[in-house]
Each structure stands twice: as C-alpha cells, then as structure tokens.
Amino acid sequence: MATRWGIIGTSNISHDFAVAMGTLPRTEHLITAVASKDKVRSREFAEQFDIANAYDSYSLMANDTGVDVVYVGTLNEHHYSVSRLMLEHGKNVLCEEPFCQNSNQVQQLIELAKSKNLFLMEAMWMFFTPAFTILGEEINKGIIGEPLQIISSFGTPMSESLIQQRNSGGSILELAVFSVYMSQFLFGPEKPQIYGTCGQLTESGFDKSASIILKYSNGRISTFLSHFKVDLPNEAIVFGTKGNIKVKFN
C-alpha cells in the first residue's frame with residue numbers, strides 16, 4: 001500500500017515538494033490531504049495536485065486517519081508547534097528546514113518521536129543532491145588534500161516590510177543554515193568555537209545579515225555570510241592543501 005502523505009502549509013516550498021512527489025508512482029507515495037489556515041489556498045492547492053482532502057485547520061490533519069506521514073512546510077516559527085501537534089497524534093513527520101528555532105525545541109521533538117516510535121526528520125534537501133554527494137566523495141578521495149577552510153554565502157534581497165514581518169530567526173536560520181550544515185558535514189561532529197560575528201538586526205531583534213567565523217580543531221575554519229538585503233553568490237568553496245572545490249546552489 002502507498003505511503004499516504006499530508007502536506008501542511010501551501011507555501012512555495014510545499015508546492016515544490018508536491019511537484020517532486022508527483023514524479024513518484026502513486027502506488028508508492030500518495031498525497032491524500034493538505035492543510036492551511038486559509039481554506040481557499042488549501043482548496044486551490046488540492047485541485048492543482050489532485051489531492052482528495054483540503055483542510056483549513058492543522059488539527060483536522062492531525063486527526064485524519066488516512067495520513068501516515070506529514071510534510072511541514074509552514075513558516076519557520078511554526079515548525080515546532082505543528083510538528084509537535086502531528087507527533088502527539090501519531091503522525092510521522094518530515095519537517096522543512098530549519099527544524100526549529102533552538103536546540104531545546106529540537107530535543108523535545110526527538111524525545112516525543114522516540115516515545116511514540118515515530119519517524120522524525122528535517123528536510124535538509126542539500127544532503128540529497130548529486131552535487132553534495134560528489135563533494136563528499138571527492139574530498140574523501142583526497143582530491144583537494146586536507147580541507148581546512150570553507151567560505152560560503154547565501155543572500156537574497158527582501159523588502160524591508162517583509163523582513164520586519166519575519167519572526168523566524170532571520171537570515172541565519174533561513175539561509176546560513178546551509179553553511180552550518182556543510183561545516184558540520186565536513187568538519188564535525190565536534191562543536192565549533194564561534195570565533196567572530198557581526199551583522200544587522202531588525203527592530204524585533206532578528207538578523208537581516210550576519211557574518212560568522214566558526215573555528216574547529218586542527219586549524220579548520222568555516223567563514224560564512226547570510227543577507228536579506230543583497231544578492232550573494234549562494235555558493236560554498238572548500239579549500240584544501242592541494243586545491244579547492246566550489247559548489248553552487250541555484
């Protein structure tokens with residue numbers, strides 16, 4: 001029987017997820033429900049992707065016995081509360097990045113999922129791209145020697161009004177999360193030292209921009225930028241003792 005999916009949120013990322021899901025056989029994976037706080041958006045989304053049930057309440061999704069696993073594609077600040085609601089109702093969860101707003105929230109979700117023997121995963125798509133797989137393989141082969149420095153940047157212009165409306169941790173959680181994951185992928189699992197930071201905050205205390213240096217053992221350093229006001233290359237360069245590799249994120 002097909003794994004029955006529910007999608008929570010009708011954002012662009014949820015749209016992309018549904019498009020990708022459509023490339024798989026419906027006998028294996030089937031979207032059976034979508035939920036949004038906006039009834040019209042839910043119905044339009046359901047019609048576009050031929051989804052049987054459209055809800056205007058997350059609770060209705062949580063109580064739908066025809067859903068095995070939910071994809072959480074809401075705004076970042078709702079990831080924790082929505083994921084927790086689904087786990088409490090016995091739903092497996094695939095939550096869009098960033099997982100939560102702090103490590104305490106993540107730990108609570110992990111413990112809840114374990115207590116109910118449920119699947120819980122952050123949808124960090126970067127890990128599953130061919131480019132990222134090749135990056136790891138080439139570094140393991142020693143092509144660039146010993147990797148010692150990562151320089152990465154992610155930035156996209158956003159209107160000031162939209163920036164001020166955000167309540168999800170700003171550019172670090174929205175964009176630099178990819179830099180942090182790449183740093184841990186190559187230099188982890190040790191916890192790095194935050195060696196230097198600077199940036200600009202909104203009136204509510206979230207970052208419009210950030211420049212951060214993470215220091216690891218054996219001289220390994222990750223330097224990254226995130227920005228809501230300017231275009232940045234959206235790339236990462238890994239420098240080693242014999243060369244470097246650049247990865248572009250478009």
Report yes if some heavy atom in the side chain of [X] is under 4.5 Å from a heavy atom in the side chain of [Y]; otherwise report no.
{"X": "Tyr80", "Y": "Gln101", "answer": "no"}
{"X": "Met182", "Y": "Phe132", "answer": "yes"}
{"X": "Tyr58", "Y": "Met86", "answer": "yes"}
{"X": "Gln149", "Y": "Thr223", "answer": "yes"}
{"X": "His227", "Y": "Ser153", "answer": "no"}
{"X": "His79", "Y": "Thr74", "answer": "yes"}
{"X": "Glu190", "Y": "Ser217", "answer": "yes"}

Closer than 4.0 angstrom, basic N to acidic O: yes or no for [X] and [Y]?
{"X": "Arg4", "Y": "Asp64", "value": "no"}
{"X": "Arg84", "Y": "Glu88", "value": "yes"}
{"X": "Lys141", "Y": "Glu138", "value": "yes"}
{"X": "Glu146", "Y": "Arg220", "value": "no"}

Interatomic spacing from [atom1] in [X] to [atom2] in [Y] - rounded to 0.5 Å:
{"X": "Phe239", "Y": "Ile144", "atom1": "CZ", "atom2": "CD1", "result": "9.5 Å"}
{"X": "Glu174", "Y": "Leu75", "atom1": "CD", "atom2": "CG", "result": "9.0 Å"}
{"X": "Asn234", "Y": "Thr156", "atom1": "CG", "atom2": "OG1", "result": "7.0 Å"}
{"X": "Ser83", "Y": "Phe99", "atom1": "OG", "atom2": "CZ", "result": "6.5 Å"}
{"X": "Lys229", "Y": "Ser171", "atom1": "NZ", "atom2": "OG", "result": "12.0 Å"}
{"X": "Gln200", "Y": "Lys208", "atom1": "CD", "atom2": "NZ", "result": "4.5 Å"}

Exercise. Please test His89 against Leu85 for side-chain contact (heavy atoms from CB on, under 4.5 Å), starting from the C-alpha separation and ending with a verdict.
Key: CA-CA 6 Å; His89 284 76; Leu85 175 65; 3.5 Å; yes
Quiz item: Is the distance between the ring centroids of Phe178 and Trp125 less than 6.0 Å?
Solution: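 Yes.
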Can you give me the closest heavy-atom contact between [X] and [Y], atom names plus distance?
{"X": "Ala131", "Y": "Val247", "value": "CB-CG1, 4.5 Å"}
{"X": "Ile172", "Y": "Ala210", "value": "CG1-CB, 3.7 Å"}
{"X": "Phe187", "Y": "Pro147", "value": "CE2-O, 3.5 Å"}
{"X": "Val34", "Y": "Ala46", "value": "CG1-CB, 4.0 Å"}
{"X": "Ala33", "Y": "Tyr55", "value": "CB-CE1, 3.9 Å"}
{"X": "Ile13", "Y": "Tyr71", "value": "CG1-OH, 3.3 Å"}

Self-check item: Audit row: Thr202, Phe228, side-chain contact (heavy atoms from CB on, under 4.5 Å) steps and yes/no
Solution: CA-CA 11 Å; Thr202 65; Phe228 277 156; over 6 Å; no
Does [X] reach the main-chain N or O of [Y] with its side chain, forming a donor-acceptor pair under 3.5 Å?
{"X": "Lys248", "Y": "Pro233", "value": "yes"}
{"X": "Thr32", "Y": "Gly66", "value": "yes"}
{"X": "Ser42", "Y": "Asp56", "value": "no"}
{"X": "Glu96", "Y": "Val72", "value": "no"}
{"X": "Glu97", "Y": "Val177", "value": "no"}

Tell me whether the count of non-hydrogen atoms from other residues, nucleotides or ligands lying under 6.0 Å of [atom1] in [X] goes above 12.
{"X": "Asn117", "atom1": "CG", "answer": "no"}
{"X": "Lys191", "atom1": "NZ", "answer": "no"}
{"X": "Tyr195", "atom1": "OH", "answer": "no"}
{"X": "Asn12", "atom1": "CG", "answer": "no"}

Exercise. Report the C-alpha separation of Ile51 and Phe45 in whole Å, then their side-chain angles, then the decisive distance to 0.1 Å, and conclude whether the side-chain contact (heavy atoms from CB on, under 4.5 Å) test is met.
Key: CA-CA 8 Å; Ile51 300 171; Phe45 194 97; 3.9 Å; yes
Can you get from [X] to [Y] by hopping between Ile, Leu, Val, Met, Phe, Trp and Tyr side chains that sit under 4.5 Å apart?
{"X": "Leu109", "Y": "Met121", "value": "no"}
{"X": "Ile194", "Y": "Ile213", "value": "no"}
{"X": "Leu186", "Y": "Met126", "value": "yes"}
{"X": "Trp5", "Y": "Ile8", "value": "no"}
{"X": "Phe119", "Y": "Met1", "value": "no"}

Practice problem: I would like to know whether Phe249 and Thr129 meet side-chain contact (heavy atoms from CB on, under 4.5 Å); could you show each step before the answer? | Solution: CA-CA 10 Å; Phe249 297 89; Thr129 62; 5.6 Å; no
Exercise. Give me the ring orientation class for His15 and Phe49: parallel if the planes are under 30° apart, tilted from 30 to 60°, perpendicular past 60°.
Key: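 His15 vs Phe49 ring planes: perpendicular.
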Quiz prompt | Donor-acceptor side-chain pairing of Arg41 and Thr10 below 3.5 angstrom | solution =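 Yes, a side-chain donor-acceptor pair sits under 3.5 Å.
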Quiz prompt | Candidate list Ile237, Val238, Ile151, test side chain to side chain contact (heavy atoms under 4.5 Å, CB included), partner Lys246, passing option | solution =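 Exactly one candidate clears the test, Ile237.
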Self-check item: Matching residue for Lys91 among Val69, Val67, Leu120 - test: side chain to side chain contact (heavy atoms under 4.5 Å, CB included)
Solution: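 Between Lys91 and the candidates, side chain to side chain contact (heavy atoms under 4.5 Å, CB included) is satisfied uniquely by Val67.
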